[in-house]
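Below is one structure, written out as structure tokens; the observations come after it.
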Amino acid sequence: MSQFIQKNDQFSIEENAQSKRILNITLSKAVIEQFLQKIKDEGINIQHLEYTPYERQVIAAYLEEIAGHSFGNILRDIVNDRATGGFTIGLEGVSKCTDEYVIFSTAIAHLVGISNFDSMTGKYYARFTVKDTDSSDSYLRQAYRLFTLHTDGTFVSEATDWLLMMKMVEENAKGGESRLLHLDDWEELEKFSANSLGQHKFQYIAPPSKNVQEIVHRQLFFLKNNRPCICFIDQFAYPESIEEAKFLKALSQSMESDKHVIELALPVGSLVVLNNEFWLHGRAPFEKHPELNRELLRQRGRFYH
Ligand SMILES: [Fe+2]
């Protein structure tokens, strides 16, 4: 059983029913109410958070003070823990206001670390909608297609240590769950990481919608604390030989077909935080519906040093 399992008056931590590598953190409603009230009392809104980076950390500190019990340390320890590396947390129905979802996710993210600039939106976070039709240039907003397993931040030069995804809105949505795979659960990890191409620096180029112009080269597998980590996305890799292309395709197919991939159930107003170096994420296809409407928020960033 995970060392993080605990319960006090402010929050409880349990194993997720779908994966023992994900911990479900449940804040008491009183903690969430006090936190949202504090934000109101201080007059902090989303624009303050967008324009003044330190406000993001200030509200993280408010949440930590109200939750107590070294709450921030626990979040950081979980995301850094190789055996787990992920948690879910939510507003427990206390608020249905999406502005408050942004505020809450910002506090959680900034207990874990510092959010990176998201070039797609020009903010420290991105909200994006999946609907019945889409004319964009990547799988991000294409509802009826499998969004293959990947890590984030492949085509930017800064580090992307962690990733946060929050469910903001969900209407007429069947399917579309986040598909997740922990690297240590992948049965063919050794086969691919030990291959000489496993150490190769692959070339990544972002599509126009990401607003990132640089070409970066990133090593596919790398060691951290003596354990293999991965940096991979199929859509934006530009192999420089047929051998590289075949290797990446086989790797992607192996991950997609692994029986340890989970499709995470996540209610509206809840979020998941994952270590981006040893958790892969993607999305299951939705079932066709003309009124499909789902909005997610993402933040990704680096750890404090
Ligand atoms: Fe992603």
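When a ligand or atom number is given, it counts from 1 through the structure's own listing order. In this text the structure is predicted, and so the values were computed from the model without any measurement.
- Ring geometry, Phe202 versus Phe247: the interplanar angle falls under 30°, so the pair is classed parallel (tilted spans 30 to 60°).
- Ring-plane geometry between His69 and Phe11 is classed as perpendicular, the angle between the planes exceeding 60 degrees on a 0 to 90 degree scale with a lower cut at 30.
- Ion pairing between Asp132 and Lys288 holds under the 4.0 Å rule for side-chain N and carboxylate O.
- Around the Fe ion (ligand 1), the protein contributes the following N, O or S atoms at distances under 2.8 Å: His150 NE2, Asp152 OD1, His281 NE2.
- Using a 4.5 Å heavy-atom threshold, the side chains of Ile46 and Tyr125 count as touching.
- Taking 4.0 Å as the cut-off between side-chain N and carboxylate O, Lys123 and Glu50 count as a salt-bridged pair.
- Note that the OH atom of Tyr124 and the CZ atom of Phe117 stand 13.0 Å from one another [nearest 0.5 Å].
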